[in-house]
A.B. asks: 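This is the structure I have questions about; it appears just below.
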Amino acid sequence: MAHIIGGINTSHVPAIGRAIHRGLQDDPYWKPFFDGYRPVQHWLAEARPDVVVVFYNDHGLNFFLDKMPTFAIGTAPSYSNADEGWGIPQVPAFTGEQDLSWHLVESLTEAEFDLTTCQEMVVDHAFTLPMALLWPDQAWPVKVVPICINTVQFPLPTAARCWKLGQAVGRAIRSWASDARVMVLGTGGLSHQLDGERAGFINKAFDLQFMDSLVQDPTWATRLSIHELVEKAGTQGIELLMWLATRGALGESVRELHRNYHIPISNTASGLMLLEPVA
Ligand code: DHB
Ligand code: FE
C-alpha cells in the first residue's frame with residue numbers, strides 16, 4: 001500500500017511569483033523568505049516523493065461565484081497554469097496521478113465526503129507557487145492530485161469538517177494499492193486580510209499558536225468557528241483550513257522537521273512547516 005512520507009504547509013502569496021520571475025531570491029526583502037525553503041528542498045531530495053496531493057483554494061479560476069463547490073478534486077491527466085498574472089512566469093504543466101485521483105474519489109465518497117469531480121482543471125498561484133518554491137528548477141519530479149477547499153465564498157466548511165476531510169484523504173492514500181511515496185501539501189495563509197477596514201491585518205501570536213497546535217494539539221483550531229477563525233486570522237487567513245486538512249492526513253502524531261515564519265510578505269504573514277508522520 002502507498003505510504004505517506006510527510007506533509008508540507010506553505011503560504012502562496014502571488015508576489016512570490018513576481019520575485020521568482022525577477023530573480024529576487026537574494027534581495028534583502030525576499031532572502032529570509034526564500035532561505036526558509038532550503039531545508040525543505042534538501043529533505044525533498046532525500047525523501048523523493050512520487051506523488052503530491054495538494055490541498056489548496058482556487059481563487060476564482062475554475063470556480064467562480066456562480067458555481068462554488070465546497071470540496072473539489074482533479075482527476076485530469078495534466079494541469080496547466082492559467083493564473084491571473086502578477087508576473088509569474090508560465091510554469092510547465094503538472095502531470096496528474098489519475099489512478100490515485102479516482103481511488104480518492106471512490107474512497108472519499110464511500111467515507112461520506114462527496115467531492116466535485118473535475119476531469120479538467122487549471123491551477124492558479126495557490127498551486128503553482130508552492131510547487132515552484134519546493135522545486136525551483138520547475139522540472140516537477142512528482143505526479144499530482146489537486147484538492148480544492150472553498151475559502152472564497154461563504155458559507156465555508158468548518159475547521160472540524162476540513163480536519164475530517166484530511167483524515168479521510170490520509171486513510172484513502174494509505175489504502176491505495178501502490179508502492180508510491182506520497183506527500184501532502186497544503187497551501188494558503190497564514191494571517192492576512194486583503195480587503196475592508198482590516199486590510200493588512202496580521203496576527204503573529206495567533207499564527208504561532210496555530211503552528212504549534214499542529215504538532216501538539218492538532219484539533220485545537222477545530223474548536224473555533226469559521227467566524228472566530230476569520231476574526232483571528234483575517235478574511236483570507238482562513239486559508240489555514242488547508243494546513244488543517246494536510247495535518248489531518250498525516251495521522252495521529254507528527255514530528256516537526258522544519259518551520260519558517262516571516263512577516264510580512266506583501267500584506268501577508270508567510271509560514272512554512274514540514275511535518276513527518278510518527279508511526
Ligand atoms: C494575496 C493573494 C492570496 O491568494 C494570498 O493567499 C495572499 C495574498 C495578494 O493578492 O496579495
Ligand atoms: Fe490565497
Side-chain angles (χ1 to χ4, degrees), residues 8-22 24 27 29-30 32-34 36-37 54-65 68-72 74 79 81-89 91 121-134 144 146-154 156-157 159 162 184-204 206-207 210-211 221 226 229-246 260-273:
I8 296 173
N9 283 320
T10 171
S11 306
H12 63 222
V13 189
I16 302 163
R18 180 171 291 224
I20 292 173
H21 187 49
R22 293 186 175 168
L24 299 179
D27 182 272
Y29 178 87
W30 287 102
F33 171 79
F34 280 102
Y37 290 84
V54 188
F55 288 105
Y56 78 105
N57 57 298
D58 180 90
H59 294 72
L61 183 64
N62 283 280
F63 317 116
F64 202 58
L65 304 182
M68 184 58 71
T70 300
F71 300 127
Y79 303 92
N81 173 220
D83 208 349
E84 62 279 81
W86 275 84
I88 176 131
V91 297
M121 204 165 168
V122 281
V123 289
D124 70 9
H125 67 271
F127 190 101
T128 60
L129 294 181
M131 292 294 287
L133 288 166
L134 301 187
V144 302
I147 300 180
C148 294
I149 299 178
N150 167 36
T151 55
V152 170
Q153 177 167 253
F154 275 75
L156 311 187
C162 295
V184 188
L185 172 62
T187 96
L190 284 172
S191 62
H192 65 294
Q193 172 143 350
L194 302 174
D195 48 3
E197 284 174 13
R198 293 204 307 167
F201 173 78
I202 284 178
N203 187 346
K204 180 175 178 180
F206 173 78
D207 288 337
F210 175 65
M211 290 172 103
I226 286 293
L229 285 167
V230 164
E231 190 185 349
K232 290 179 193 308
T235 35
Q236 283 77 33
I238 196 64
E239 291 174 344
L240 62 77
L241 293 175
M242 318 303 150
W243 291 49
L244 209 50
T246 297
N260 191 38
Y261 181 81
H262 180 69
I263 46 178
I265 286 297
S266 189
N267 270 336
T268 304
S270 74
L272 168 67
M273 262 183 124

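Computation of the quantities below employed the complete heavy-atom set of this structure, encompassing side-chain atoms and omitting hydrogens, waters and symmetry-equivalent molecules. Counting convention: from 1, in listed order, for ligands and their atoms alike.
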A.B. asks: For P14, counting its heavy atoms only, list the atoms of ligand 1 lying under 4.0 Å from any of them.
C.D. replies: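 With P14 as reference, the close atoms of ligand 1 come out as 1 (C), 2 (C), 3 (C), 8 (C), 9 (C), 10 (O).
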
A.B. asks: Enumerate the atoms of ligand 1 whose separation from the nearest heavy atom of E239 is less than 4.0 angstrom.
C.D. replies: 4 (O), 6 (O)

A.B. asks: What's the separation between atom CZ in R198 and atom CD in Q193, rounded to the nearest 0.5 Å?
C.D. replies: 4.5 Å

A.B. asks: For G188, is the nearest heavy atom under 4.0 Å from an atom of ligand 1?
C.D. replies: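 The answer is no, since G188 has no heavy atom less than 4.0 Å from ligand 1.
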
A.B. asks: Just to verify, which of E239, H125, H12 counts as forming a side chain to side chain donor-acceptor pair (under 3.5 Å) with T187?
C.D. replies: H12

A.B. asks: Please determine whether any non-hydrogen atom of Q236 lies less than 4.0 Å from an atom of ligand 1.
C.D. replies: no

A.B. asks: Using heavy atoms and a threshold below 4.0 Å, how should the contact between L194 and ligand 1 be classified: side chain, backbone, both, or neither?
C.D. replies: side chain

A.B. asks: Name whichever N, O or S atom of E239 ends up nearest to the Fe ion (ligand 2).
C.D. replies: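 Relative to the Fe ion (ligand 2), the closest nitrogen, oxygen or sulfur of E239 carries the name OE2.
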
A.B. asks: Look up atom CG in N203 and atom CZ in F210, then write down how far apart they are to the nearest 0.5 Å.
C.D. replies: 12.5 Å

A.B. asks: Is the count of non-hydrogen atoms from other residues, nucleotides or ligands lying under 6.0 Å from F154 atom CZ greater than 12?
C.D. replies: yes

A.B. asks: Could you check which of Q193, H59, H192 puts a non-hydrogen atom nearest to atom 7 (C) of ligand 1?
C.D. replies: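 It is H192 that holds the nearest heavy atom.
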
A.B. asks: Give a yes or no on whether H12 keeps an N, O or S atom under 2.8 Å from the Fe ion (ligand 2).
C.D. replies: yes

A.B. asks: Relative to the heavy atoms of H12, which atoms of ligand 1 are at a distance of less than 4.0 Å?
C.D. replies: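 Checking each atom against H12, I get 4 (O), 5 (C), 6 (O).
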
A.B. asks: Spell out, as yes or no, whether a donor-acceptor pair under 3.5 Å connects the side chain of N81 to the backbone of V123.
C.D. replies: yes

A.B. asks: So for ligand 1, is T268 a polar contact partner (N or O within less than 3.5 Å, distance only)?
C.D. replies: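 No, no N or O pair falls under 3.5 Å.
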
A.B. asks: How far apart are the closest heavy atoms of F201 and G234, and which atoms are they?
C.D. replies: CE2-N, 3.8 Å

A.B. asks: So, for S11 and G189, which heavy atoms are closest and what is the spacing to 0.1 Å?
C.D. replies: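 Closest pair (atom of S11, atom of G189, distance): OG-O, 2.8 Å.
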
